[in-house]
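Reviewing the structure listed below.
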Amino acid sequence: QLWQLDHDHFLHPWTHHDSFGKNGSLIMVEGSGAYIVDSNGKRYLDGIGGLWCVNVGYGRQELIDAMTDQARRLSFSNTFVDMTNVPATRLAAKLAELAPGSLEHVMFSTSGSSAIDTAVRLAHYYHSRRGEKQRRHVISRRNSYHGSTFLGISVGLRDGDRTPHFQYLSDFIHHLSAPYPYRRPAGLSESQFTDYLADEFEAKIAELGAGNIAAFVAEPIQGSGGVVVPPPGYLQRMREITRRHGILFIADEVVTAFGRIGHWFASQSEFGIEPDIINCAKGLTSGYLPLAATIYSAAIHEVIGAPDPDAWFAHGFTYCGHPVCCAVALANIELIERDQLLDNARKVGDHFEARLKELESLPLVGQVRGKRMMMCVEYVADKASKAQLPDSLNISKRISDVCEANGLLVRPVGHLDILSPPLIITIAEADFIVDTLGNAIEEVSRGLGAPAR
Ligand code: PLP
């Protein structure tokens, strides 16, 4: 009955109506730790971590208590203009403490998508307040995903996302090549590829005029665009270029922050850069409630916070700094600290990464890549040429279906299966993920009449 109600009434995000019409939904009913249970009572290890968000695992009492306590005390208070609440204030200060360098001011919203809208609008406002209103262009990269609002989907650019049936903003948004070493132009070493990408950025700046560009937007590791880890030195080069041209660097850490690759924030701890603005969401509350934060520098605040009777930061949402969401985020951060989950993400994540790499010996696997708890497997028809399998084969979905039958959820996206388990998994659970996925790849290979090993 539930299946039918869902089928009849719920328009799912990113739905493909052809397959949804036939199969409907898998209904989930319970979760505990790293495991989730469907309406038939089947239990899965959640290798997706919800949607890269359930970092501390399901059913954590500390988060449930924080949520109920705060809802009982004060379930809502608006934060417009000059009103605030205790959890939002405490969380803003905590994020200022955890974020790198001078990033010490925070605007809250409710999703990664609303955070990118906030960051881009903040960049426009900042430049305008500095007397550079013409700085309106935004430069992003191919294979990026920055959400699904009109602005977010237009800033991002993954091949499958652009359908002719929707509209996209294009007059002020531009896309550079993805820093995708596995599919870099033939004949370039990784360091030459970094040079190539930096030159491409400089050429785009010259074309648009540096004085017309507001911001460069980048996920430190591109997530749903293919878990693309950039070549060495790339992010530092891009940072140096943005600084030299007065362009704001917006790091979209919606996936990479809060432990996914073993740090609070990846920009500085993993890649050695301090952006002007960092967006985070997902792991900020471990997905218990919707919340995002746009954390920005003291230098930006100095400009936008300067008193001017005619200037008004005319942006914000009803649920900015929602007290219950912020209370959950504070409890989530406390739990990550208390249970040393960043250490676990590093220790188990290093093991997971190394073991997954073993799957590169399978004929269908072109590359295993990523970092710690943010990994993917890319399937190819031919390892040498890296030729892709036909889309009609639906390879990643076939393999994820076998995993699902064997009690493991992985996320099929294009020619990849993505893995982003909760940070609490043990070495044995990491091994289960690798072994189950490896067996599924072999089983599907055999079904295709291809060599399994
Ligand atoms: N930015 C990145 C890097 C993401 O991966 C996502 C979602 O996966 C978003 C933004 C959008 O977040 P939301 O779905 O919460 O709007």
Side-chain angles (χ1 to χ4, degrees), residues 11-15 46 48-55 107-123 138 140-161 168 173 175 178-180 215-230 235 249-261 263 265-267 270-271 275 277-295 317 319-320 322 325 328-329 332 370-371 373-376 410-414 416 418-421:
L11 173 58
H12 289 249
W14 295 91
T15 280
D46 185 2
I48 311 172
L51 204 53
W52 344 71
C53 57
V54 186
N55 289 9
M107 177 147 203
F108 293 112
S109 58
T110 49
S111 65
S113 302
S114 55
I116 195 71
D117 281 51
T118 297
V120 170
R121 298 201 70 208
L122 176 62
V138 173
S140 164
R141 291 100 41 88
R142 303 189 71 83
N143 287 57
S144 62
Y145 184 70
H146 299 292
S148 179
T149 52
F150 194 23
L151 182 57
I153 198 74
S154 304
V155 172
L157 183 63
R158 295 183 310 168
D159 289 340
D161 289 354
Y168 303 92
I173 297 170
H175 296 95
Y180 194 168
F216 171 68
V217 183
E219 299 153 83
I221 296 177
Q222 292 185 312
S224 48
V227 191
V228 173
V229 183
L235 284 168
F249 192 121
I250 301 172
D252 184 341
E253 292 225 34
V254 163
V255 173
T256 51
F258 295 96
R260 182 116 317 270
I261 63 168
H263 315 287
F265 295 97
S267 294
E270 187 69 31
F271 296 104
I277 301 175
I278 291 180
N279 277 350
C280 57
K282 296 191 186 268
L284 172 59
T285 59
S286 284
Y288 279 65
L289 285 175
L291 182 67
T294 297
I295 312 170
F317 311 100
Y319 298 122
C320 278
H322 191 289
C325 301
V328 166
N332 179 59
K371 191 84 198 159
M373 300 294 194
M374 184 178 178
M375 301 294 302
C376 85
V410 305
R411 181 172 174 215
V413 176
L416 324 167
I418 293 180
L419 299 140
S420 54

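Any value given below was found using the heavy atoms of this structure, including those in side chains, with hydrogens, waters and symmetry copies removed. For clarity, every value in this text was computed on a predicted model and none was experimentally measured. Note that ligands are numbered from 1 as they come in the structure, with each ligand's atoms numbered from 1 the same way.
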Among non-hydrogen protein atoms, atom 2 (C) of ligand 1 lies closest to Y145 O, 3.3 Å
Any idea which atoms of ligand 1 are less than 4.0 Å away from a heavy-atom of S113?
11 (C), 12 (O), 13 (P), 16 (O)
Any atoms of ligand 1 less than 4.0 Å from a non-hydrogen atom of V255? List them with their elements.
5 (O)
Taking the six-membered ring of W14, is the NZ or CZ of R158 close enough (under 6.0 Å from the centre) and on axis enough (within 45°)?
yes
What atoms of ligand 1 come closer than 4.0 angstrom to any heavy atom of D252?
1 (N), 2 (C), 3 (C), 10 (C)
Nearest 0.5 Å, please: how far is CD1 in I418 from CD1 in I48?
9.0 Å
For residues F265 and F258, establish whether the separation of their ring centroids is below 6.0 Å.
yes
May I ask you to list the atoms of ligand 1 that are less than 4.0 angstrom from any heavy atom of E219?
3 (C)
Would you compute the distance between atom CG of N55 and atom NZ of K282 and round it to the nearest 0.5 angstrom?
10.0 Å
Heavy atom of the protein closest to atom 15 (O) of ligand 1 (residue, atom name, distance)
G112 N, 2.9 Å
Interatomic spacing from OG in S109 to CG in L291 - rounded to 0.5 Å
7.5 Å
G147: numbered ligand 1 atoms lying under 4.0 Å from its heavy atoms
9 (C), 10 (C), 11 (C)
Run the contact test for K282 against ligand 1 with a 4.0 Å cut-off on heavy atoms, strictly below, and give the result.
yes
Flag the pair L157 / S140 as yes when at least one side-chain heavy-atom distance between them is below 4.5 Å, and no otherwise.
no
